[in-house]
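Only heavy atoms go into these numbers, but all of them, side chains included; no hydrogens, no water, no symmetry mates.
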Amino acid sequence: MVTIRLHNSKTRKKEVFQPLDPANVRMYVCGPTVYDRAHLGNGRPMVVFDTLYRLLRHVYGADHVTYVRNFTDVDDKINATAAARKAAGDPRSMEALIHERTEETIGWYHADMDALGALRPTHEPRATEYIGPMVAMIEGLIAGGHAYAKEGHVLFRVRSYKDYGALSGRSVDDMIAGARVEVAPFKEDPMDFVLWKPSSEEEPGWASPWGRGRPGWHIECSAMSYELLGASFDIHGGGLDLQFPHHENEIAQSCCAHPKAEFARFWLHNEMLQVEGKKMSKSLGNFFTVRDLLDQGVPGEVIRFVYLSTHYRKPMDWTAEKAREAEGTLRKWRAMVSGVDAGAPVASVIEALCDDLNTAGAIAALHDLSRAGDAAGLKASAGLLGLLDEGMGGWCDKGADLSDLAARLASLRAEAMTTKNFAPVDALKSALTDAGVEVRMSKAGVELLPGPGFDPAKLEALK
RNA sequence: GGCGGGUUGGCGGAUAGGUUACGCACCGGAUUGCAAAUCCGUGAAGACCGGUUCGAUUCCGGUACCCGCCUCCA
């Protein structure tokens, strides 16, 4: 069996990955808060961890990997949207409006995920479905002296967990020095964080021993990973921005609730995304969603390729130029593997992926296969990265019936060969090139292929 | 202020203590009516200063610059 090595954020080292149970490799990834469309940055972990999932399935068997990614559907931004709809005159209850909003958002998320070629996780639990286990875990933490109830809130006592801060490399005292923590009168320590908080009439709430309220953000991942994967599991993933405080708090909660277990053994964090060299933000006007790109005609497979061409632990810069290059490469490869049966994934690609998910290296290995003309190997190996999948190639064939134009160009050319007047041939050729069509003429004949930036609309004028 | 990460050829972007990354672009050649595509080939790098080493772009330390997190943003 091949050896997978992964960079573990917990130890800050690359380590050999040995699952607790090779018959059931377990991975938990923090999913989205379903209040709006996934932006481009949200798409990166979606694709990165999907690729890891595919690798694990390849190595351990498709039925021997359990992948859990949650939907956070308890959130103030969701409440705000629902409240806004209510204020706009919607007669339905807040509960119904909240449900509508989360259903709508989850539908969008799934559609975007499908477009990016990401497989559905084994389980996609929603926080609202696990309120009971969360309450149970909180009760256990209180009983163990790790949490305390005050004024309708329940807070986690960070001083009760000696390793608090180990994941992100900071101590409680360091953090307090930063002084950017919410100080509340009911907190014993400024770093203590909320496990449960009271809800107003307008806010969603559930009955609990501490009154009607709702869970804090972090507890859902601790409760759901425990329910679905057990107290100890193999991999926990998410964006680097979640390392602190979210993952730190998850560790504190889970390790105190289940002191004999080790919780997640490998922590993987993907770096952040930038757009044309700058942080994506609404104020800079460079904020966009996965759906925005898809609507602009950038195929999901191209987006996926761009994500994977940078190693997940490095900041990734989204640029239009990269999308253009990726499209060209994919068109070339797709033409090559069209109609070919996939062979077995090639060792060089597997080795690259096994080396801390070196997707950029794997893509380089795919280029080698392309150059060597190994279409069957290319198709199978690309499949490990979720590329060149049969179901994702529609973008490549759209409006591809260029046979009429090809025939016209061929006859013009044949005529020109005798008259030596090539001007009409060149005119048609440059019009085609301008529309993004690749023009190939040889002794064998004329071939027209859609190329990067192919625009069928421009061909209409030629008809 | 605290913590973490980064700095590779024109651009993007990997691996490896010593041998060509790779892609795009560029240049030369084959091919072509001219091109395109394809194939072959050339050139081009490792922020700066030290240290370890027979040898470092790769390990260690420092400097500079950049970025992220510390605010329920992946």
Side-chain angles (χ1 to χ4, degrees), chain A residues 9 12 29-33 35-36 38-49 72 74-77 165 167-171 173-182 191 193-194 197 215-218 220 237-246 248-249 269-274 277-282 287 306 309-317 319 321-322 324-326 328-329 332 335 351-352 355-356 358-368 370-371 373 413 416-417 419-422 425-426 429-430 432-433 437-443 446-449 451-452:
Chain A
S9 302
R12 294 172 177 72
V29 173
C30 289
T33 300
Y35 67 94
D36 206 349
H39 65 244
L40 195 62
N42 293 311
R44 173 127 98 139
M46 206 194 287
V47 168
V48 163
F49 291 105
T72 298
V74 180
D75 178 82
D76 289 345
K77 287 192 277 287
L167 178 69
S168 48
R170 37 189 119 192
S171 70
D173 294 318
D174 284 345
M175 287 181 268
I176 290 170
R180 288 164 85 169
V181 288
E182 184 194 355
M191 288 309 297
F193 58 89
V194 169
K197 56 189 164 190
W217 175 38
H218 316 294
E220 67 175 83
L240 186 60
D241 56 334
L242 292 180
Q243 189 180 41
F244 185 88
H246 183 56
E248 200 71 72
N249 291 353
H269 291 102
N270 63 275
E271 251 286 2
M272 301 292 100
L273 175 129
Q274 299 188 317
K278 292 186 179 140
K279 179 179 166 125
M280 181 166 72
S281 70
K282 286 178 178 164
F287 182 95
V306 173
S309 56
T310 298
H311 186 93
Y312 77 92
R313 289 201 303 115
K314 287 205 167 180
M316 195 210 97
D317 193 17
T319 66
E321 173 63 16
K322 285 185 183 178
R324 198 193 60 74
E325 274 191 29
T329 302
K332 187 170 82 173
E351 279 164 23
D355 183 9
D356 195 28
N358 181 5
T359 51
I363 287 173
L366 293 179
H367 280 294
D368 289 341
S370 165
R371 208 172 331 104
R413 180 158 170 265
M417 291 293 219
T419 64
K420 299 296 173 199
N421 176 17
F422 288 95
V425 186
D426 290 338
K429 189 175 76 180
S430 47
L432 288 166
T433 306
V437 177
E438 193 179 283
V439 178
R440 300 184 187 177
M441 289 189 275
S442 67
K443 283 172 184 160
V446 171
E447 205 181 350
L448 298 182
L449 296 169

_Which nucleotide, if any, forms a Watson-Crick or G-U wobble pair with B/G4, using both distances under 3.5 Å?_
B/C67

*Using both distances under 3.5 Å as the test, list the Watson-Crick or G-U wobble partner of B/C27, or none.*
B/G41

*Contact class for A/Val29 vs. all strands (heavy atom < 4.0 Å): base, sugar-phosphate, or nothing?*
nothing

*asked:* At less than 4.0 Å, is any side-chain N or O atom of A/Ser309 found next to OP1 or OP2 of B/G13? Yes or no.
replied: no

*asked:* Check this one for me: any side-chain N or O of A/Arg313 less than 4.0 Å away from OP1 or OP2 of B/G4?
replied: no

_Whether A/Thr433 side chain and A/Lys429 backbone form a donor-acceptor pair below 3.5 Å_ = yes

_Among B/A74, B/C24, B/A35, which nucleotide has an atom closest to any side-chain atom of A/Lys429?_
B/A35

*Which nucleotide in the set B/G23, B/A74, B/U7 lies at the smallest distance from any side-chain heavy atom of A/Lys314?*
B/U7

*Using whole Å, report how far NE2 of A/His311 lies from C1' of B/G23.*
18 Å

_Is it the case that the base of B/A74 and the side chain of A/His39 share a donor-acceptor contact (distance under 3.5 Å, atom types as modelled)?_
yes

*asked:* Using a strict threshold of under 4.0 Å (side-chain N to carboxylate O), is an ion pair present between A/Glu325 and A/Lys322?
replied: no

*Would A/Asp356 and A/Arg313 pass as an ion pair if we require N to O under 4.0 Å?*
yes

